[in-house]
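Inspection log for the structure reproduced underneath, given as structure tokens.
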Amino acid sequence: MAALDTQVIVVGAGPVGLMLAGELRLGGAEVVVLEARTSPTTESRASTLHARTMEILDSRGLLEELGTPPREPRGHFGGIPLDLTLDSSHPGQWKVPQHRTEELLGEWARSLGADVRRGHEVRGLSVLDDRVEVESVTGDGTTVTLSALCVVGCDGENSTVRRLAGAAFPGRDATRELLRADVAGLDIPNRRFERLEKGLAIAARRDDGVTRVMVHEFGRPAGTRTGDPDFAEVAAVWERVTGEDISGGTPLWVNSFGDADRQATAYRDGRVLLAGDAAHQQMPIGGQALNLGLQDAVNLGWKLAIQVRRLGSEGLLDSYHAERHAVGARVRSNIQAQALLLLGGPEVEAVRSVLAELIAQEPVRAHLAGMISGLDVRYDVGTGGHPLLGARLPHTPLLRTDGSATTAAALLRTGRGLLLDLSGEQDAEAPLHRAAAGREDRVTVLSARLAGGADDHPLAGAGAVLVRPDGHLVWTGRTTDGLDAALYRWFGLTGPAAPLTNPAASAAAQGGNTMGRLNGKTALVTGSSRGMGRATAVRLAREGALVAVHYTSNKEAAAETVAAIETEGGRAFTVRAELGVPGDVHELFLGLEAGLKERTGTTDLDILVNNAGEMGGVSVDDTTPEKFDRLVAVNAKAPFFLIRRALKNMPDGGRIINISSGLTHFANPEEIAYAMTKGAVEQLALHFAKLLGPRNITVNSVAPGITRNGNPVFDIPEAVEQMAQLSAFNRVGEPEDVADVVTFLATDDARWVTGAFLDASGGTLLG
Ligand code: NAP
């Protein structure tokens, strides 16, 4: 495989694309930004920064560059006045022209090493197994093709990336619109959401003498526009609504915006991602769209950086869609409500007056202010009792152990996560350092005390806290319980980064093993979160197969299997389904087919390893009918129906391997029911092998002996010594001992073996 040009291509150098580029650089990823415009915008499309966005800019050291926020509390909900004040380091809103925000973010991204290329109009996108290729045309007609691991469309509501990727963008077109113009030389009164008899009028004169007018005539449909309206049209509508003649003014910028409402079904489809208006289209009421887009970028940047550096799991990157699609849907809904209130005619007056009464109630005001400012965004980050879990960290002034002052926002400026010990105990940092070891490039560890009014701070008494780079709290604790899992989930693997910071890194690291015997094959290994299943998944992936890692309850263990595979340059994804219950096979195949389709474009499954199983471990007397039924359902019935279903997806030449047990040939009175189920499993090989011979599909059984798994018995040396004596080699089996046998059966080397029973018990059955 040829070297890649970069790790991530961002299309669109508006505020969202530039913010994302900066975030990716902070996370250590290489990024090229392609922008069709040859120079930055001079227009002032979106101009409102809300409290949450200001907090985020502050946490990157960017806010002070813009000046001092005015803490303007006056906002509105559908034109009804709304005080936006909430508990924040930067409450209220701030009008900052978009070109200024864009300039600032552009300088920042470039200073961090982002490669921003203007005058590149994207025309083509190919999504391949191991990369994307983006084709752009420059001003002189030259075609440039760049390759990367991923592409992110930050190219607005008419996104080219979204179109080229064929991504679904359901919703509806605009039915109503607001006409908007920046006009010099006007002398008209300011109007703040004035509802007149014939329509809505807004006029605001800026310090530079330019007046922004916005107007909607009740009942006038949006129509289908192909470009911006003429100033003459704006002036005519303005006159009909207000009676004022503005046609003598000098228009500097004229446009219109409607109440179209759309959202991409998936913010991520494999190597293609969408952010900002490319992912959601909504009426720009109250400046929420820009804020939503910038917050998409800050949610995505660090996750994508961890992913392309091969340090995290697929699950981390998928959390971008899970978290931000939900936030986008909620913002769209409040915007639609506002559009109805704002652009509706006399029929909405009654609703407006009821709402105005409600907004006068503090809980309602605070609820709406939280929604519009973005301060109330909260993600599902797992279990824990702290009320702030999943929410953004509030303003947190701190005193370091040397007495110097700082804030949590200042500590996030590196773009790393933050593991903060607030307990004030001597040496309490040491266990945290140990927990975060190997992830120092992703997490800052620090001991500090809450400064000023500490007792009232929401984190008082929290012990230690773990904060993501985007400022959301994901773990708190007085001991390190649950910390490892949180560090793994949000910051990926420990240990050295795979050598991907250089895009010319080895083909094996980027695209999988080029010499594997199973290149291009797909495999499902049931129960591969742990034990022999995991070892088999890793081994098959090492041979080049794309592996579906199935589990039932242990999601983190399954993610670890995937991460172990990805660290070696292999490919895998997780699939959850409990086996032995009604609908089990259906559920498993839903996840399996979606995962295969996303990665290969087909649902072909070449290799099925029926490995998941439950042990008995009970005497005859203790074997209840329920226990017996469960063993049969999980160990024997599920494999039969999995094979039956898998045959629909399995091309000729496929492989089916069923894990049995040495106990079908070795007596153990504690495991009679279990051994019966494994006896049944062995029948699968005999009869299915005959049935599927004409399709060149082989079906075999592998029977392990005592093999090390997570069972605590393997921690007791005396017990292990006793078990070892059963094998001819005087040791217990390792999961890899069995995984190698299964892998052999999956390759072409085993083409002449079918219907067989393979003893993989280390000679235990020799007696
Ligand atoms: P293990 O470490 O106990 O792991 C069991 C795996 O199966 C896990 O991935 C588990 O998922 C999954 N699983 C269990 N019950 C399930 C259910 N009802 N639905 C879906 N998934 C389920 O396994 P192991 O010891 O490596 O054993 C693997 C196979 O070898 C089994 O069929 C076992 O009977 C057989 N075997 C084992 C030994 C031995 O000494 N270890 C000897 C002979 C044969 P979660 O992680 O989500 O729970």
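Heads up: numbering here begins at 1 and tracks the sequence. Here the structure is a predicted model, which is why all the values come from computation and not from measurement. Just follow the structure's listing: the first ligand is 1, and inside any ligand the first atom is 1.
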Please walk me through it: do E593 and R645 pass salt bridge (charged side-chain N to carboxylate O under 4.0 Å, His left out)? CA-CA 12 Å; E593 291 194 332; R645 177 64 183 81; 3.0 Å; yes
Would you please test E736 and R708 for salt bridge (charged side-chain N to carboxylate O under 4.0 Å, His left out) and show each step? CA-CA 10 Å; E736 291 71 19; R708 195 185 300 275; over 6 Å; no
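Ion pair E560/R530 not flagged as a salt bridge, since none of the NZ, NE, NH1 or NH2 atoms sits closer than 4.0 Å to an Asp/Glu carboxylate oxygen. Using a 4.0 Å cut-off between a side-chain N of Lys or Arg and a carboxylate O of Asp or Glu, E543 and R539 qualify as a salt bridge. In summary, E323 and K303 engage in a salt bridge, as defined by a charged side-chain N under 4.0 Å from a carboxylate O. Look at R271 and D130 and you find no salt bridge, because none of the NZ, NE, NH1 or NH2 atoms lies under 4.0 Å from a carboxylate O. Classification of E587 and R576 as a salt-bridged pair holds, one side-chain N sitting under 4.0 Å from a carboxylate O.
With G705, P735, G710, G616 as candidates, the residue nearest to atom 42 (C) of ligand 1 on a non-hydrogen basis is G705. Among S528, S553, A577, the residue whose heavy atom lies closest to atom 47 (O) of ligand 1 is S553.
The shortest N or O to N or O distance between P704 and ligand 1 is not under 3.5 Å. Considering backbone and side-chain atoms together, S661 places no N or O closer than 3.5 Å to any N or O of ligand 1.
Counting the atoms of ligand 1 from 1 in the order shown, those under 4.0 Å from a heavy atom of R630 are 18 (N). Remark: ligand 1 atoms within the under-4.0 Å shell around heavy atoms of E578 are 19 (N). Within ligand 1, counting atoms from 1 as listed, the ones closer than 4.0 Å to a heavy atom of G531 are 2 (O), 26 (O). Heavy-atom proximity to I706, at under 4.0 Å, picks out these atoms of ligand 1: 40 (O).
Residue contact check for ligand 1: E671 places no non-hydrogen atom closer than 4.0 Å to it.
Contacts with ligand 1 closer than 4.0 Å are made by heavy atoms of both the backbone and the side chain of N611.
Of the protein's non-hydrogen atoms, the one nearest atom 41 (N) of ligand 1 is T707 O, 3.1 Å.
If you look at Y320 and H325, their ring centroids are not closer than 6.0 Å.
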